[in-house]
Amino acid sequence: MPILALFRWQADPDALVAAYDREMEDAPAVTVDQPTRTLHVFARGADGAVVVDLWENEEDFRRMAGDPEFRANIEASGWPSEPEVEVFQVHATMP
């Protein structure tokens with residue numbers, strides 16, 4: 001079943017953008033080469049930022065999220081806070 005993973009940070013938006021850019025600069029293959037992740041969006045707001053990922057299944061999302069290379073890259077990126085993470089079952093999407 002498809003899922004939507006929502007990551008929410010409450011922190012200085014500039015610091016969050018900088019951490020995201022550092023993470024993506026040296027992102028391991030496990031981060032970028034995900035054929036069952038069909039959408040990835042990073043967006044900043046007035047007092048934080050969000051990531052929205054759409055996955056074909058929850059197992060692949062959990063596999064990536066638990067991967068040691070993925071976790072190490074996140075640690076090295078220096079995120080200023082931990083995100084609140086919510087996972088939703090997808091009922092419908094539109095192009």
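Excluded from the calculations below are hydrogen atoms, water molecules and symmetry mates; all remaining heavy atoms, backbone and side chain alike, are included.
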ILVMFWY cluster, [X] and [Y] together (side-chain gap under 4.5 Å):
X   : Y   : value
L6  : L39 : yes
V85 : W79 : yes
L16 : F70 : yes
V90 : M1  : no
V50 : Y20 : no

Least distance between heavy atoms, [X] atom then [Y] atom:
X   : Y   : result
A19 : P80 : CB-CD, 4.2 Å
E56 : P35 : OE2-O, 4.1 Å
G78 : R22 : O-NH2, 3.4 Å

Hydrogens and angles aside, do Q34 and W55 bring a side-chain donor and acceptor to less than 3.5 Å of each other?
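There is no such pair between these side chains.
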
For the atom pair [atom1] ([X]) and [atom2] ([Y]), what is the distance rounded to the nearest 0.5 Å?
X   : Y   : atom1 : atom2 : value
E58 : R63 : CD    : CZ    : 11.5 Å
I3  : R62 : CD1   : CZ    : 7.0 Å
R71 : M64 : CZ    : CE    : 9.0 Å
D14 : R44 : CG    : CZ    : 4.5 Å

With L4, the side chain to side chain contact (heavy atoms under 4.5 Å, CB included) member among D53, V52, V87:
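Option passing the side chain to side chain contact (heavy atoms under 4.5 Å, CB included) with L4: V52.
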
Can you confirm whether [X] sits close enough to [Y] that some side-chain heavy atom of one is under 4.5 Å from a side-chain heavy atom of the other?
X   : Y   : answer
E86 : R8  : yes
R37 : D60 : no
V32 : M24 : yes

Relative to the ring of F61, is the ring of F7 parallel (under 30°), tilted (30 to 60°) or perpendicular (over 60°)?
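Perpendicular: the ring planes of F7 and F61 meet at over 60°.
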
